[in-house]
Amino acid sequence: MKKLSQMPNIGITLEKLLLTAGIDSPATLQKLGSQSAFIKLTKVDPTACLHKLYALEGAIQGHRWHTLPEERKKELKRFFQNRKE
């Protein structure tokens with residue numbers, strides 16, 4: 001089975017947080033989607049930032065988060081900001 005840390009944007013530290021949050025594989029992350037995975041992540045890492053949300057989306061899409069389309073980044077930013085209110 002492929003490890004989470006073998007996906008783009010996910011290092012050992014983020015992998016450990018995801019495992020603690022119950023996200024145990026790339027397939028689980030892909031099934032959940034970045035927003036649901038981020039909600040789970042914030043339960044174990046309440047200070048999770050917008051860049052972690054971008055990282056999850058990029059991992060699911062299979063590339064570095066810096067290359068996400070601007071429109072998708074805007075959608076994710078709105079989601080992130082709405083969770084903070």
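Since the structure is predicted, the reported quantities are computational estimates derived from the model, not experimental observations.
Every side-chain contact (heavy atoms from CB on, under 4.5 Å) that S36 has, sequence neighbours left out, goes to L32. Residues that satisfy the side-chain contact (heavy atoms from CB on, under 4.5 Å) test with E71, not counting sequence neighbours, are K74, E75, R78. Residues passing the side-chain hydrogen bond (donor to acceptor under 3.5 Å, both in side chains) test with H63 are Q61, T67, sequence neighbours excluded. Every residue meeting the side-chain contact (heavy atoms from CB on, under 4.5 Å) condition with K73, not counting sequence neighbours, appears here in chain and number order: Y54, W65, L68, E70. For the side-chain hydrogen bond (donor to acceptor under 3.5 Å, both in side chains) test, residues two or more places apart in sequence or in another chain that qualify with N9 are R64. Here T20 pairs with nothing under the side-chain hydrogen bond (donor to acceptor under 3.5 Å, both in side chains) rule; sequence neighbours left out. Judged as a salt bridge (charged side-chain N to carboxylate O under 4.0 Å, His left out), and not counting sequence neighbours, E15 has no contacts.
Nearest approach of T28 to G22, heavy atoms of both residues: CG2-O, 4.3 Å. P26 and M7 make their closest contact through CB-SD, 3.5 Å (heavy atoms, listed as atom of the first residue, atom of the second, distance). When every heavy atom of S34 is checked against every heavy atom of I60, the shortest pair comes out as N-CD1, 3.3 Å. Contact detail for P8 and A59: the closest heavy-atom pair is O-CB, 3.2 Å.
Sorted by first then second residue, the salt bridge (Lys or Arg N to Asp or Glu O under 4.0 Å) pairs that include residues 38-49, not counting sequence neighbours, are D45-K52. Pairs passing the ring-ring contact (aromatic ring centres under 6.0 Å, His included) check and including a residue from residues 9-49, sequence neighbours excluded, read F38-F80.
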Worksheet item: Given the rule in the side-chain contact (heavy atoms from CB on, under 4.5 Å) test, do L76 and Q35 qualify, once you have shown the distances and angles that lead to the verdict?
Response: CA-CA 8 Å; L76 293 170; Q35 294 172 344; 3.8 Å; yes
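A 4.5 Å side-chain heavy-atom check between L4 and S25 finds every atom pair outside the cut-off. Using a 4.5 Å cut-off on side-chain heavy atoms (C-beta onward), L14 and L41 make contact.
Between the CG atom in L56 and the CD1 atom in I10 there is a gap of 6.0 Å [rounded to 0.5 Å].
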